Every structure is written in structure tokens, then in C-alpha cells.
Amino acid sequence: MAAISDKSGLNLPKMVRILMILVAITAILSLLYAIQYYLGGPVRLQVVNEIYSLDLSPDRRLVATGAADAKVRLWEVPAQINTRVGKDFDIAAEQPWPQHILSGLSGPVKEVRFTPDGATLVAVGGDGLVRGWRVSDYAVVQEVKLETGPLVKAMLDDSASRLATLGEDGAIQVWDLATEQQIQTIEADGALRVGLALSGDGTLVASGDGTDVQVWDAQTGEPLQRLTASCSDESLTTPEDCDSAEEDWLGHRKEVTSLAFSQDNALLATGGADTAVVFWDLESGEARWTSAGHWAAVSTVKFSEDGEFLLSGGKDYKTRNLRVAGGKSTAIFEGHLSNVNDAAYGPWDDTILTVADDGTLRVWEMANQYAIHLEWSRLGLQPAWGRAFAVWMLVSGLLSLLVLWGLLRLRLWGHLLALTLYLLGPVVVLGLPLFEVLTYPLRLVTKLQIAWPLLLLLAWYIAILVVLSRERVAVFYEAPREASLSEKIMVSQRTLRTRFGVYSAAVWIALLVILYSVLRRFNLDIAFMGSWLSFIMEGSAITFYVSAASIVLAMVLALLGALGRMSKNAIANAGSGFYISLIRGTPLLVQIYIWYLGLPRLGVVLDPRVAGILALGVNYGAYMTEIFRAGIQAVSRGQREAAQALGMSSGQTFRRIVLPQAFRIVIPPIGNEFIAMMKDSSLVSVMAVQELTWRANKVGRQYFRGMETFIIAAAFYWILTVIFQLLQGRLEEYLARSERR
Amino acid sequence: MSEIIRTAEQSQGTPIIRVRGLHKYFGALHVIRGVDLDVAPGEVVVIIGPSGGGKSTFLRCLNWLEEPSAGTIEVDNVVIKAREPLGQHRQHIRDIRKKAGMVFQQFNLFPHMTALGNVIEAPVTVKGLSKQEATAKAEELLEWVGLSEKRDEFPSRLSGGQQQRVAIARALCMEPKIMLFDEPTSALDPELIGEVVEVMERLADEGMTMVVVTHELHFARDVADRVILMADGVWAEIAPPQELFTNPKEERTRQFLAHIL
């Protein structure tokens, strides 16, 4: 084949030239964006601002939040609670609260706190810079640069004068802001410290040490108490032993991620990566109550002023209100799109405030657990999408250069790469953030304000795809100009076929991504799913075994039933008719119960799997009778006559001539029946056959995670079905080999 | 050649097929109204006639694919009377079928078997031949019909003419004494008819006793020893071909020929 590459670009088909111009523009703009993004340039997608900290002024008229953009936002809270809460309440239509932005800090704002008189607001930046503002005129009244490294956590006491910090190196430091002096340093000793708490009066500091909790005297740095998890039966030392003995494990199983002292320093509440909230009695050093209920690590805990309740916010995007006595949950607030970082009671009676990584401050009504107000620290995409977008711009920019080269040489791979690239972009990198933005509780105009760059790029990609899909673009790849017409047609047909394959693969990927993003909305507990995956997966072998054995039994019964139906013998005919009528006239589930409950009464005690196979096989046999009958009757009379004319007996004719042909006809419908059977086999879970559904149900009920376990089961049913469909395709191809021309 | 196709070695005097008083009703429809026929060994009898005249039904009655309503059929000394009690009857039918090979209008090759598979199927299952024996014989027959290179093809990949030649080989592989052809060329494209007729002519040359229902008048004229015109369930005329085509005695024959020629 004479390559076209040696021809000048001017001889390229017109559509290809247009395409190349589009791709070139894409490459240049994408790379420009990516380069300036990574160099810290100004052009970037608007993303929300994770809010890390929250405080409410003593008069409850101001809410302060500290966010990732190093700014403190003050919101003026209306005196009147919003009472129009109900089913038709549209949070997006609410009037925003007046906002004031205080800047001057550097690094994410880890802590904000009003002084008890409400006159001053103190905020701590992630690099140790502390600022105080007068609330009345926002004048800076205090500025201290503490000699700390980058901070993980910072916490002020109630007077906002004593500060505890947890550095990235694991060292805890206590500072007096009035004197700007460091009071104590608790060195990093290799302990895994994630959370930090300073008591309201500034006397106690606590942090996690793996699953244990360590409490120090803030003034002297003396270790006061070490709170260790234990089993209610003290002879058992591991959580697993304790669980299997059905005793209570008091304490954490994974590292402690958040801590809070009660107002009177009698209790310490801790939240862990194990999703539990534990209430420790500081007097005795024992865990009083453990509260489970979050689906992911608990990122913040906060006592109410009277000490009766506690708010816990988690990486499951949920906030829960717990009654301290007993640790029972009284309310769950769902709606944040990302990790909840801080929470507080207020600003009105029976309401709470939460802030989260999704950049929103939300007010919730306690009684009916609705969000009644929402403020954005900055409108935009979720930050992860901003980062993903930059990565995409870099990758797609570089790949576009490659596409350009491929197109210049009129290579099919260039075309296919372009196709993949500009299908993948809209579907994954633009589709998901668009989907998320569209679900924001905002007015459509506001949503479009956020999403317009994505929409613009989407439109651009669609334009490229339109050009790509023009016939005149596809026809010329790798086909030399002097090629014969038939060769050209062959090449273009191959191109079209390949293109069809790429398109359908892209549609599959798109739909899978959409499915995934819908599932994401369920806030699934991925860690939990991971830990039970193999247990549920083992059920798929049993599901397959039960279904396969049942279909074999069903095929035998269906063949006999079909022969009976076609027989001129009254006994065979009526017997078969009775069987079909009885089985088709009663529900499968009822039949399964009758097999399950009835067989033991006859003194027959079968393995539940065998009983399940009998129930399914007998049921499907009745339905498949018609399939077999149709298959047998579809074999032409001439076939039977030809065999008989050769002297074959009717038995030989049936076995050698009719059955093989009938079998080929019934394979596709039997395949469908088998697929249906694999899913109906879930019904035998009521017989305690330990297949997929039974396992999903058992685990789901035990841990109240039905959604997670059934999604796993569904995935495995799907996988089984897909595998079988592939096998079925192969089998049909094999059986159809005599049909091929 | 004659080792492949064994023809009847009876004396020319005794007929190999003897039909007496054959009647066939389909419900109230009287399709065959009492016909007699003797066919001598090695004789080629061609039955022509208007459609609906009962030709195919007569042929199918010979090997009991249709059960006659009355009459007697004798093939190579196996005698079956219509409406005989079962038992013996069933065995006799199979005996006749083994002696009478049949070729159908629609070929009726077994689509799930290769050409070779089609040919060896009956010898193996019915006669109990080993696969090797049957295959050796089948290969000779396929070569005889000119299809040895198609032995492993499935019928769907063969042309109509090729399929019909495989069907002839399939019937011959049972070493029949007589061959029944039920409009063997009617379903074929005109240009494919020749190859099938050529095989049938060679078969006649081998001395095979043949009863052929056909519209192929050339075949009747060139190959047949006797031509029967069947109309309305009876023999309208039986005569040697030259006589029947050039100088028909019956009015019905003249009508039919006038219609066709």
C-alpha cells in the first residue's frame, strides 16, 4: 500500500482538514490551561471551598466559618427562624444571609472561635498564623505567628485565648495567645494522632493514639489518663473474640479521628475510623457507651451546651444527633455532598449548623431533619472535579497532539483515538461534574453560572464528534488513492465497523458511569462492601450450581412433557397436561415453600440445595415444555419422512434426526430461561440455600446495610448473566455452523 | 462400477414391484382410484401427469410413507396388504423401505450433518455397518455422484443440484433394490437440473429399477422404458415413451401433452 503520508497536507480531504484544525485548537487550549493551572496561574474552574471550621457567636446572630481559601466568612443570621419548611420547600429559592469576608490568614482556616463576650473573632490558619478581628468593625485586633509547622488540627478553648495545635509531624503544642507564648509541647512519639481536643476551660488536651485515647494536662503536659478499649468480658482482648463471644466491645476498633470534652470535663466523646462514637467516663477511664450508625469515619464530635446531646459528623456526609446518656441517635441529617467537618447547635432553637467539604454551611431543623437554609462559601464544582479537569486537560492536550499526527498521516488509529478521546471527555470528565452540579440545591441560573465552562467544552467536543462521524472523514484512512473501488469500500466498511464498535463501547461506558454516579448517591459504605465481598461472592458458585443443575432437570422434564403433549397416548398426554397446568398455575415462591415444608412431612429430608434444584427444575420444566414442543414441531415433516424412507425406526428418527435439530432451535430460548432461572434461583434463599441472595440478606440484616449487600449480589447476578450470555453466544455459533454459508 | 450399485438380479420375468388394486383416500377425497402396476427388475418407469393427479401419493404409497386405503403392495417379495393388523405389518414396512430408496423434491437432507454424515447415517443406524465400512462406501458413492470434494460440507453450503445428488447417494448407500424419485428436479433452478438428470441417467444405465415422478419430459423420453400418464387417480395411459409422446392413444394424454408442449 502506498502511504499517503508522502503527499502534502493540502491533498487531505476537506473534512479531515477541518477536523485537524479543531483538534489543533483543542490541543493548544487544553495544554495552555493545564500548564498555567499547574504553575498556579489564574485561570481555573470555579470550585467550592471546603469549610473546615464553624462557630456561632454567643448572641447567636453571627456564624463564622473557616475555609480552605484562607478566608473567614461571617454570616448574619436573621432573628426569625424560617418556618416554611415542608415537602414543597425550595431551599434554592431562599434569600441568602448577608455575608462578610475576613481575609489575611494564610493556609486553610482550621479553627474559628468567638470570645465569650462576642466582641472578637479569632481564627487559626493552617500554617500557624492566628488573627483576631473586632466583630463590630472587622478591624484586626490581634495577629500572632506561631512557630508551628503545617497544622492538621487546631482548637481554641472557650475563652479563645488558649490554643492547642496538632502538627503534621504529630506533635501537640499548647499556646497562650494573650502572651503569645508556647505553654507546652507534647512531642510526637510515633503515636498515630489524627484528632485533637482541648477542653472548654483549656485545662485538658486529648488526642487519639491508634485505637486508644490519651489525655494530658494542658498546663504541665503531664499524661493524665489513657483510655483503652476493652471487652465487657475482660478475659477477651481482641474485638473479634469479643464479638464472637457476643460480648460488647467498649471502645474503638480503628484509629480515633475526632474528640470532644463535655462542658464539665466529665466525659470525653471520641469518633473513630471504625464509624463508632464512644463516650468515655474521665473519672473512671472506662468507655460508657458506644454508638454505631455512621457509615464512614467520624470526622467531628461536638457536645451541646447542656451536655445532654452530641453532634457527630462523618465522612459518610451525614450528621447525627446523639443523646449522651446511652448514645442513642435521635436524628440524622443527610444532604451534604461531601465530608462533614464541623457542626454546632443553633442558630435558633432546635436547629443545628453543619459545614462540609462540599463548601456549604447548612442549617437543619432538628424535628423533621430537613435542611432549612444553605449558604455557599463559594459557588463552584466539587474540588475533586477541578483537579480531575486539570488532569484531563493535560492528558487530552497531549493525546490531541498525537491525534493530530495520526490524522495528518491519515491513519485509522488517529481517527479512533480522537473518537475515544472526545467521547471519553464528555462522558466521564464533563458528564459527572455536570450531573453533580445539576443536583445542587440552587437555581438553574446559578447552576449554569457554575457549569458554563463544562458546557462550552462539551459543545466543542460534540462539534468535533460531529465532524468525526462524517462519512467523508472515515473513507480515506489507509486507503491509497489509486486503490480500486472495491478495496476502498472494504476499507471504509472496516472503518465503519470499527467505529461502530468504539461507539457502542463508549455508550456502555457512559451508561456504566451514570449507573455508578447514581449508586454513589446512595452513600454506600465501600469499606463494608469490601469486607463482605468475598463472603457474598462465594454464593455465586452456589447460585450457578443450583441454576445449572435445575436447568438440566428442567430440560429432561420439558422433553418428557413435550413428548407427552404430542403423544396420542391418553395417559402420557393427560399426565403431561396435568403437570404443566398444575405447575404453571401456581407461583414459584409458593411451590418452593411447599417443597421446603412438604418434603420433611413425607419423611424426606433433603439437602436444601437439592430441594431447591427440585423446585426450580420442576417449575421451569413445565414452562420449557412449550419450548421443546415448538422446537420438535419446527423440524419439518420432510426430515422425518426422509429418515423413515431410509428405514429408520421412529425411535431412531427421533433421536438421530429430530432431536438434534430441535435442540438447535431451542438453545436460544433455553438460554433465556437459564438466565431467568439464575435470577429466580434467588427465591430458594427462603430454603436457606446459601446462594447470593441469602448471603446478601443475612449480612445486610445483621449490619443494617441491606443496600450495600444487595448491590453486591446484584453485581454478581449480572456478572454471571454476562458470562453466560458470552458462553451462549459461543454455543449458538457452534450449533449454527451447519447453517453458515 | 457395478460393485457400487447393486441392481436386482432377479430374472426378468418376475416383477420386482407388484401393485394391486391400490386405493387412497384423504378423508373423503379419493386420490388414487384403484391402480395396478408391475415393474420388472431394471425397468425405468416414469409417471407424468397433471398436478393433483395422485402421482406423488402413489409413489409415497409404494414405501408406505402414505398408508394405502386398500390394495396390496409387493416389493421384492415383501407383501403388505392395506389395513393389515400391526405387528408383522410394521416390520414389513421397514423391510420395504430398506429395499426402496427414495429421493424427495425438497431433498430433505439432514441439515445438522455433513454430506458424508447424511450418507452414512442410515447404513450405520439401520444396517449396523461400522463407521469405517459405511464411510468407505459413502465416499465411493459421493465420487460417483461427483461430489467427493464436498464430503465435509453441510447441506446449507451446497447448491440445490449438489444437495439432490447427495440425497441420491444417501439413498443408494442403503443398497436399495429399487429407487423412487418424487419430482427430483422440480425444486431446482433450470441450470441445475442437468446435473441431477445426468446422475439419474447413469443410474438407469447401471440397471437400477426406478419409478420416477417427474415433469422432466426429456428424461421420460430418453430414459424411460415405460411412461405412465396418471390423471384423476388412475392410469390414463401406459406406453413406451416414443409411442406415448408421438402417438398417444387417449384423449386425456393428448390434452396433457398439448398443455405442456
Side-chain angles (χ1 to χ4, degrees), chain A residues 555 559 562-563 566-572 627-671 728-741, chain B residues 56 59-60 62-66 90-115 117-128 152-159 163 166-167 169-176 179-182 187:
Chain A
M555 278 166 73
L559 182 58
L563 290 176
M566 292 185 298
S567 166
K568 294 193 180 80
N569 181 318
I571 298 174
I627 296 176
F628 270 80
R629 188 161 73 124
I632 290 168
Q633 285 176 344
V635 178
S636 74
R637 209 174 64 139
Q639 291 290 316
R640 244 165 292 209
E641 286 180 350
Q644 282 169 357
L646 286 165
M648 294 170 77
S649 68
S650 42
Q652 285 169 339
T653 305
F654 186 74
R655 276 198 314 276
R656 301 282 310 166
I657 307 301
V658 177
L659 202 55
Q661 295 185 49
F663 194 64
R664 203 190 67 216
I665 296 168
V666 300
I667 277 293
I670 284 186
Q728 191 192 6
R730 286 287 170 83
L731 181 62
E732 279 173 28
E733 213 169 273
Y734 174 76
L735 289 172
R737 71 200 188 287
S738 58
E739 292 286 299
R740 234 176 291 130
R741 287 189 164 267
Chain B
S56 282
L59 199 70
R60 291 159 61 82
L62 287 184
N63 70 349
W64 229 257
L65 281 182
E66 300 290 354
R90 196 172 275 167
Q91 188 53 48
H92 286 161
I93 292 173
R94 288 193 64 190
D95 285 345
I96 284 190
R97 285 175 178 170
K98 281 185 223 169
K99 290 168 191 285
M102 185 153 188
V103 175
F104 297 86
Q105 179 179 358
Q106 297 295 342
F107 330 132
N108 291 350
L109 287 186
F110 305 134
H112 58 297
M113 298 175 181
T114 61
N118 267 278
V119 178
I120 65 172
E121 176 62 25
V124 171
T125 54
V126 179
K127 279 191 157 178
D152 294 324
E153 297 284 5
F154 283 95
S156 60
R157 293 185 62 119
L158 299 177
S159 72
Q163 289 193 51
V166 173
R170 177 174 73 176
L172 289 176
C173 204
M174 286 298 283
E175 299 184 344
M179 282 289 283
L180 309 175
F181 290 85
D182 185 3

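All values below were derived from every heavy atom in this structure, side-chain atoms included, with hydrogens, water molecules and symmetry-related copies excluded. Note that the coordinates shown come from a computational prediction; the quantities given were computed from them, not determined experimentally. First the proteins, then the strands, lettered A, B, ... as listed; each starts at 1.
Of the atoms belonging to B/E121, it is side-chain heavy atoms, and not backbone ones, that fall under 4.5 Å from chain A. Only the backbone of B/A100 comes within contact range of chain A, with at least one heavy atom under 4.5 Å from a heavy atom of that chain. The contact between B/L109 and chain A is made entirely by backbone atoms, counting heavy-atom distances below 4.5 Å. Contact of B/F110 with chain A is made through backbone and side chain together, with heavy-atom distances under 4.5 Å. Looking at A/S636, neither its backbone nor its side chain comes within 4.5 Å of chain B, counting heavy atoms on both sides. Of the atoms belonging to B/R170, heavy atoms from both backbone and side chain fall under 4.5 Å from chain A.
With contacts defined as side-chain heavy-atom distances shorter than 4.5 Å, the pair A/I632/A/F654 qualifies. In this structure, the side chains of B/N118 and B/P155 come closer than 4.5 Å at one or more pairs of heavy atoms.
Panel note: side chain A/Q728, backbone A/P668; a donor-acceptor pair is recorded below 3.5 Å. B/D182 places no side-chain N or O within 3.5 Å of a backbone atom of B/S56 that could act as its donor or acceptor partner.
Residues forming a side chain to side chain contact (heavy atoms under 4.5 Å, CB included) with B/Q106 (at least two apart in sequence, or on another chain): B/N108, B/A187.
With chain B as the partner, the residue from A/R640, A/R655, A/Q652, A/R656 showing the most heavy-atom pairs under 4.5 Å is A/R656.
A salt bridge (Lys or Arg N to Asp or Glu O under 4.0 Å) check over residues 93-106 of chain B, counting only residues at least two apart or in different chains, returns the pairs B/D76-B/K99.
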